[in-house]
Peer 1: 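Got a structure for you, questions after.
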Protein chains: 2
Amino acid sequence: MPYPSKLTPDAIEAAAWYLFNTGGPDALSMRPLADALGVRPGSLYRYFDSRDTLLAALTERAARDLQREIQFAAENHLPRNALQAVAGAYLHYARTQPHAYALLLVPADEGSSPGLKTSAGKELWNTLLRLVGDLSGNPDDTDHAVALWTFLHGAASLERAGVYGPSGPRSGLELGLAAILDHAQEAGSARNAPS
Amino acid sequence: MPYPSKLTPDAIEAAAWYLFNTGGPDALSMRPLADALGVRPGSLYRYFDSRDTLLAALTERAARDLQREIQFAAENHLPRNALQAVAGAYLHYARTQPHAYALLLVPADEGSSPGLKTSAGKELWNTLLRLVGDLSGNPDDTDHAVALWTFLHGAASLERAGVYGPSGPRSGLELGLAAILDHAQEAGSARNAPS
DNA sequence: GTCTATACCTTGATAGAC
DNA sequence: GTCTATCAAGGTATAGAC
């Protein structure tokens, strides 16, 4: 029975995901990955054209993961609280899976596509857009969604860069988040009761 | 006259700066750098311990550059307009020198220190803090400064990731910026006229 | 003191044998 | 489908020529 081959795309991806999340991009190299799978480096190329292709798969996976966390966090909350919870979940994911998160927003010039232009990435955006719409009353409120996402990513990114220091800028973040949510909410009120 | 050596730290740094800003991190490799200087790779190590040391020098340089741009943009403006101009200058720098900008906020685990913890980086922060203080009336308003910087970096970062698309989310960014500046300004008013 | 020559090791990737 | 070579390019270290 020669059928069950040692390798499958899923097995490779799983091992790669582990290596990547454990040690970051540098830890994901073809040789150690092959070692982990009990195989020779060259064999991997039968399933993934290149390391970049493999990274693209991991990117998609990261987007799906984060989208699920966001969705879950928002459930059973009123709009304002939902977004507050989403912000927490977003930052929590960026904190606990920093490498995977970084994959989502790789600069455009560094090969692989931006990560959030994947199908999973678009779903993530739509989820955010819907939640913001619930707050502001505008179902297609891209402006506030963009502002919110911009702020969340900035927070995740600066935190990861170690800029905030140990004491943490919690108050600064909460303040900024509140400023944006307030703005969206006021826009909603103005809609319902135009002067 | 054997004295004038072919290499000087400044010459190396300048060539490295050019390579780096032109082609990104990958373009800064020791061999091409040596070629550009008409020298053998090994020679570079008399002046810089490693590629990382060289990168650290470039990081310092980037922080200095950005700080100067910010300072210049803020001159001769009233607080609110100054910060608006600063935001523009910040994003402009991130747009036109993307690689140098990225150097400032390298994730903490990727070797070299966060870039903004250099002396030039601290100056940058102090500049921002002062300008925010002028608006809110609180000379040490770290909260609003953090919120503003978080938002600016998020914008620079998402833009670079190509997330906003060609049409640009100008309105979303202006809206978020306005929300934060308004919040700071209102805090200032409340200070002067406490209820 | 300054630079060259050279070598070592690790990457990603490919071609062809089995 | 997997292995065995093998390649080019990268960062780095050292020994020795000038």
Side-chain angles (χ1 to χ4, degrees), chain A residues 1-59 99 102-103 106-107 109-113 115, chain B residues 1-59 99 102-103 106-107 109-113 115:
Chain A
M1 45 192 174
Y3 291 135
S5 63
K6 291 163 85 172
L7 292 176
T8 66
D10 280 1
I12 296 176
E13 194 182 314
W17 180 253
Y18 177 77
L19 281 183
F20 183 83
N21 281 315
T22 301
D26 291 350
L28 178 58
S29 46
M30 303 306 264
R31 264 165 255 255
L33 177 57
D35 286 352
L37 291 160
V39 136
R40 291 302 184 173
S43 310
L44 301 172
Y45 289 86
R46 294 280 150 188
Y47 300 88
F48 291 92
D49 283 352
S50 70
R51 181 176 178 274
D52 279 356
T53 310
L54 190 47
L55 268 181
L58 299 189
T59 301
H99 302 302
L103 224 40
V106 169
D109 64 280
E110 285 178 21
S112 58
S113 66
Chain B
M1 44 193 177
Y3 292 135
S5 62
K6 289 164 86 173
L7 293 176
T8 66
D10 280 0
I12 296 176
E13 194 183 314
W17 180 253
Y18 176 77
L19 281 182
F20 183 82
N21 280 315
T22 300
D26 291 351
L28 178 59
S29 46
M30 302 306 263
R31 270 168 248 251
L33 178 57
D35 286 351
L37 291 160
V39 138
R40 290 302 185 175
S43 310
L44 302 172
Y45 289 86
R46 296 278 153 191
Y47 300 87
F48 291 91
D49 283 352
S50 69
R51 182 177 177 274
D52 279 356
T53 310
L54 189 47
L55 267 182
L58 297 189
T59 301
H99 303 301
L103 224 39
V106 170
D109 63 279
E110 286 179 22
S112 58
S113 66

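Reminder, nothing fancy here: chain letters follow the sequence lines and each chain counts from 1.
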Peer 1: Could you go through nucleotides 16-18 of chain D and list every protein N or O atom that sits under 3.5 Å from one of its N or O atoms, giving the distance for each pair?
Peer 2:
none

Peer 1: Sub-3.5 Å donor-acceptor pair from the side chain of B:S50 to the main-chain atoms of B:D52, do we have one?
Peer 2: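 Side chain of B:S50 to backbone of B:D52: a pair is present.
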Peer 1: Tell me: CG of B:L55 to P of D:dG11, nearest whole Å?
Peer 2: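 Taking CG of B:L55 and P of D:dG11, I get 10 Å after rounding.
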Peer 1: Which atom pair, heavy atoms only, marks the closest approach of B:R51 to B:P25?
Peer 2: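 So the minimum-distance heavy-atom pair works out to NH2-O, 2.9 Å.
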Peer 1: What is the separation between atom CG on B:D35 and atom C1' on C:dT4, rounded to the nearest whole Å?
Peer 2: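 From B:D35 CG to C:dT4 C1': 14 Å.
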Peer 1: Taking only N/O atoms, report every protein-nucleotides 6-10 of chain D pair under 3.5 Å with atom names and distance.
Peer 2:
residue, atom, partner, partner atom, Å
D:dG10, N7, B:R31, NH2, 3.2

Peer 1: Testing the basics here: between B:A57 and B:F48, what is the closest heavy-atom pair and its distance to 0.1 Å?
Peer 2: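 Looks like CB-CE2, 4.3 Å.
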Peer 1: Is there a side-chain contact between A:Y47 and A:E13, using heavy atoms and a 4.5 Å cut-off?
Peer 2: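 Side-chain contact under 4.5 Å: no.
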Peer 1: Using the closest heavy atom to pick a nucleotide of DNA chain D for each, name whichever of B:G42 or A:L7 lands nearer the 5' end.
Peer 2: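 The residue mapped nearer the 5' terminus is A:L7.
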Peer 1: Where along residues 9-22 of chain A does a heavy atom fall under 4.0 Å from DNA chain C?
Peer 2: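 Those residues: none at all.
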Peer 1: Could you tell me how far apart B:L33 (CG) and D:dT12 (P) are, to the nearest whole angstrom?
Peer 2: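 Distance, rounded to whole Å: 12 Å.
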Peer 1: Only counting residues at least two apart or in another chain, list the ones meeting side-chain hydrogen bond (donor to acceptor under 3.5 Å, both in side chains) with A:T8.
Peer 2: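 None.
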Peer 1: Would you say that A:V106 contacts A:T59 through its side chain, given a criterion of any heavy-atom pair below 4.5 Å between the two side chains?
Peer 2: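 The answer is no, as the side chains (C-beta and beyond) never meet within the 4.5 Å cut-off.
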Peer 1: Using residues 15-24 of chain A as the side-chain source, report each donor-acceptor pair under 3.5 Å to any protein atom, sequence neighbours left out, with the distance given to one decimal.
Peer 2:
residue, atom, partner, partner atom, Å
A:N21, ND2, A:W17, O, 3.2
A:T22, OG1, A:Y18, O, 2.7

Peer 1: Taking any heavy-atom pair under 4.0 Å as a contact, classify A:F48: base, sugar-phosphate, or nothing.
Peer 2: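 Nothing, no heavy atom under 4.0 Å.
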Peer 1: Report the distance from atom CG of A:L103 to atom CG of A:L55, rounding to the nearest 0.5 Å.
Peer 2: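 CG of A:L55 is found 6.0 Å from CG of A:L103.
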Peer 1: Is the phosphate of D:dG1 approached by A:S43 (side-chain N or O, under 4.0 Å from OP1 or OP2)?
Peer 2: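 Checking D:dG1 against A:S43, no side-chain N or O comes under 4.0 Å of OP1 or OP2.
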Peer 1: Between atom CZ in A:R40 and atom P in C:dA13, what is the gap in whole Å?
Peer 2: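 Answer to the nearest Å: 18 Å.
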Peer 1: In Å, rounded to the nearest 0.5 Å, how long is the span from OG1 of A:T53 to CG of A:L58?
Peer 2: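 If we round to the nearest 0.5 Å, A:T53:OG1 and A:L58:CG are 11.0 Å apart.
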Peer 1: Run the side-chain donor-acceptor check on residues 33-43 of chain B: report pairs under 3.5 Å with partners two or more places apart or on a different chain.
Peer 2:
residue, atom, partner, partner atom, Å
B:S43, OG, B:R40, O, 3.1

Peer 1: Quick one: B:L37 CG to C:dC3 C1', roughly how many Å, whole number?
Peer 2: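 Atom-to-atom, B:L37 to C:dC3, this comes out as 13 Å.
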Peer 1: To the nearest angstrom, how far is B:Y45 atom OH from D:dG11 atom P?
Peer 2: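 It works out to 7 Å between those atoms.
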